[in-house]
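Contents: one structure, followed by commentary.
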Amino acid sequence: MSVCPNCLANNSIKKVYRDGSVFKACEYCNTIVEETTEREPTVREENEVQNDEQKEKSSGKAFAVGIGLMILLFIIEFIIKI
């Protein structure tokens, strides 16, 4: 049973994999604690780290495309008004 050190909620801790590190995050109060155990990551953990990195990269690209489309629409509207 995992207990959050901040809000004392039971079973609210999730493992989050970012930049090759493992963090424990509470679902309720968003307290984040870095896991400091010295051990080799499992294949599953390595895959989750890679998946998280791919999601971050793809979300950044989607954001850039969205901003680009907004700028393009602004330019088109400006040209139409002229």
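Along the sequence shown, residues are numbered consecutively beginning with 1.
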Would you say F63 ends up clustered with I71 if hydrophobic residues are merged whenever their side chains have heavy atoms under 4.5 Å apart, either directly or through other cluster members?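 Looking at the clustering, F63 is in the same group as I71.
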Partner set under side-chain hydrogen bond (donor to acceptor under 3.5 Å, both in side chains) for E48, not counting sequence neighbours: R44
Suppose we screen for side chain to side chain contact (heavy atoms under 4.5 Å, CB included). Which residues come up paired with I79, at least two apart in sequence or across chains? I75
Residues at least two apart in sequence or cross-chain that pass side chain to side chain contact (heavy atoms under 4.5 Å, CB included) with N47, listed by chain then number, are V43, Q50
With sequence neighbours left out, what residues match E27 under salt bridge (charged side-chain N to carboxylate O under 4.0 Å, His left out)? K14
Is [X] isolated, or which residues cluster with it under the ILVMFWY side-chain rule of less than 4.5 Å, directly or via members?
| X | value |
| --- | --- |
| Y28 | none |
| L73 | none |
| I80 | L72, I76 |

Could you report the tightest heavy-atom contact between A25 and V16, atom names first, then the distance?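 Result for this residue pair: CB-CG2, 3.9 Å.
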